[in-house]
Amino acid sequence: MFQDFEPHVYCNEFIDKKASETDYVLILNNNTILLEYINCDWSIPQYGAIAPDFIKAVKDLIYLFSIDETAFYLSLCDITESDKFKYQDVYIFRDMKPFWLAFAGATAYHLALWYDGHRFCGKCAGPLLRKTDERAVFCPNCGSVEYPKISPVVIIGIIDGERILLAKNRTGYKKYA
């Protein structure tokens with residue numbers, strides 16, 4: 001499975017827990033994500049690095065998932081960049097190393113989009129609240145509950161001996177698929 005990138009293990013179960021110093025915090029601004037510049041490279045900031053400078057951003061974190069014993073959280077707080085922390089386009093995850101952290105960033109981004117798109121009830125337009133016992137939002141006015149949608153994907157490789165057929169879009173995305 002894609003979530004089993006040994007030796008790391010992706011755990012998607014919802015847990016209501018507090019962040020520790022080495023857990024990661026994702027902060028988005030449109031299609032950009034706040035990253036920390038460390039050792040001549042960009043990385044998702046850890047709670048211990050971001051908490052002293054951005055107290056407001058770590059006040060109400062949303063648990064997303066864990067990889068091994070490291071948790072990933074989302075902050076819906078919009079903050080201003082600093083010398084050490086800058087917003088970068090989310091496409092940075094395509095080339096980020098290590099792979100497991102790039103996977104975490106891309107997965108967290110998708111969950112962040114879901115949370116951002118589910119602030120108001122689709123039935124009565126009331127504000128939605130986060131549930132504390134599962135990954136869902138609910139409407140206190142009408143009782144509607146919304147869960148993230150799972151979209152299964154199938155990838156097919158057409159091979160001929162040692163060769164594989166690659167596709168490339170005529171416009172837009174310039175890399176092979």
Side-chain angles (χ1 to χ4, degrees), residues 2-5 8-38 41-82 84-122 126-140 144-151 153:
F2 72 92
Q3 68 269 24
D4 297 328
F5 35 87
H8 303 286
V9 178
Y10 171 69
C11 300
N12 193 35
E13 301 88 44
F14 179 81
I15 302 169
D16 189 21
K17 69 177 202 167
K18 301 288 183 202
S20 71
E21 294 290 310
T22 57
D23 290 335
Y24 291 92
V25 177
L26 288 100
I27 301 172
L28 277 68
N29 184 349
N30 294 320
N31 285 331
T32 61
I33 184 161
L34 190 75
L35 296 178
E36 181 179 15
Y37 199 67
I38 306 171
D41 211 355
W42 293 104
S43 182
I44 301 169
Q46 291 180 304
Y47 179 86
I50 206 163
D53 295 331
F54 303 106
I55 296 168
K56 185 179 174 187
V58 297
K59 187 175 182 182
D60 187 27
L61 295 175
I62 303 168
Y63 174 82
L64 299 175
F65 54 82
S66 294
I67 294 181
D68 300 328
E69 300 302 316
T70 304
F72 289 78
Y73 292 87
L74 171 66
S75 172
L76 295 176
C77 183
D78 189 22
I79 63 170
T80 306
E81 294 175 318
S82 70
K84 189 176 177 182
F85 301 99
K86 302 275 186 201
Y87 285 104
Q88 300 293 318
D89 192 286
V90 294
Y91 287 112
I92 197 167
F93 295 130
R94 291 178 183 236
D95 300 315
M96 183 181 272
K97 301 290 186 237
F99 171 74
W100 69 271
L101 193 58
F103 168 83
T107 303
Y109 174 67
H110 288 274
L111 284 170
L113 290 178
W114 180 80
Y115 276 108
D116 187 53
H118 290 82
R119 293 184 182 196
F120 298 96
C121 181
L128 293 173
L129 301 175
R130 290 192 313 269
K131 293 192 75 170
T132 58
D133 59 340
E134 61 183 339
R135 182 171 291 113
V137 291
F138 72 98
C139 178
S144 177
V145 178
E146 288 285 331
Y147 297 92
K149 305 295 186 265
I150 297 172
S151 301
V153 176

Identify the two heavy atoms, one from Asp23 and one from Lys18, that lie closest to each other, and give their separation to 0.1 Å.
OD2-O, 4.3 Å
Can you give me the closest heavy-atom contact between Cys121 and Leu128, atom names plus distance?
N-CG, 3.6 Å
Ile50 versus Val58: any side-chain heavy-atom pair under 4.5 Å?
yes
After noting the C-alpha distance and the side-chain angles of Asp60 and Arg130, does the key distance pass the side chain to side chain contact (heavy atoms under 4.5 Å, CB included) rule?
CA-CA 11 Å; Asp60 187 27; Arg130 290 192 313 269; 2.9 Å; yes
Please list, chain by chain and in numerical order, all residues satisfying side chain to side chain donor-acceptor pair (under 3.5 Å) with Trp42, sequence neighbours excluded.
none
Would you compute the distance between atom CD of Gln88 and atom CG of Leu34 and round it to the nearest 0.5 angstrom?
9.0 Å
Is Cys11 close to Ile67 at the side-chain level, that is, under 4.5 Å between some pair of heavy atoms?
no
So, does Tyr115 use its side chain to make a donor-acceptor pair with the main chain of His110 at under 3.5 Å?
no
Are the aromatic ring centres of Phe72 and Tyr63 under 6.0 angstrom apart?
no
Sidechain-backbone polar pair: Gln46 side chain, Thr22 backbone, donor-acceptor under 3.5 Å:
yes
So which atom in Met96 and which in Ala102 form the shortest heavy-atom distance, rounded to 0.1 Å?
O-CB, 3.6 Å
Is Leu111 close to Leu74 at the side-chain level, that is, under 4.5 Å between some pair of heavy atoms?
no
Please tell me whether Phe103 and Tyr10 form a close aromatic pair, meaning their ring centres lie under 6.0 Å apart.
yes
Can you measure from NZ (Lys17) to CG (Leu61) and round to the nearest 0.5 angstrom?
12.0 Å
Let me confirm one number: the CG-CG distance from Leu76 to Asp78, rounded to the nearest 0.5 Å.
10.5 Å
So do Val137 and Tyr147 actually touch side chain to side chain, heavy atoms under 4.5 Å?
no
Checking the side chain of Asp68 only, and the main-chain atoms of Thr70 only, is there a donor and an acceptor separated by less than 3.5 Å?
no
Could you tell me whether the side chain of Ile44 reaches within less than 4.5 Å of the side chain of Leu35, counting heavy atoms only?
yes
For Tyr47 and Tyr73, I'd like to know if the aromatic rings sit close, meaning centre-to-centre distance below 6.0 Å.
no
Closest approach of Phe93 to Ile33 (non-hydrogen atoms, all atoms of both residues)
CZ-CD1, 3.6 Å
Would you say the side chain of Leu26 lies within less than 4.5 Å of the side chain of Ser75, judging by non-hydrogen atoms?
no
Looking at every heavy atom in both Ile79 and Ala57, which two are closest together, and how far apart are they?
CG2-CB, 3.8 Å
Would you say the side-chain atoms of Ser82 pair up with the backbone N or O of Phe85, donor to acceptor, closer than 3.5 Å?
yes
Value rounded to 0.5 Å, distance of CZ in Phe65 from CD in Glu13
12.5 Å
Walk me through whether Val25 and Phe54 qualify under side chain to side chain contact (heavy atoms under 4.5 Å, CB included).
CA-CA 11 Å; Val25 177; Phe54 303 106; over 6 Å; no
Who are the side-chain contact (heavy atoms from CB on, under 4.5 Å) partners of Asn31, not counting sequence neighbours?
Tyr109
Out of curiosity, Leu129 CG to Cys139 SG, how far, rounded to the nearest 0.5 Å?
8.0 Å
Pair Asn29-Thr32, side-chain donor/acceptor within less than 3.5 Å:
no
Rounded to the nearest 0.5 Å, how far does CG of Asp89 lie from CZ of Arg94?
9.5 Å
Scanning both residues in full, the closest heavy-atom pair of Lys56 with Cys77 reads CG-SG, 3.6 Å
May I ask you to check whether over 12 heavy atoms, not counting those of Phe14, lie within 6.0 Å of atom CZ?
yes
Answer yes when Glu146 and Lys149 have at least one side-chain N-carboxylate O distance shorter than 4.0 Å, and no when they do not.
yes
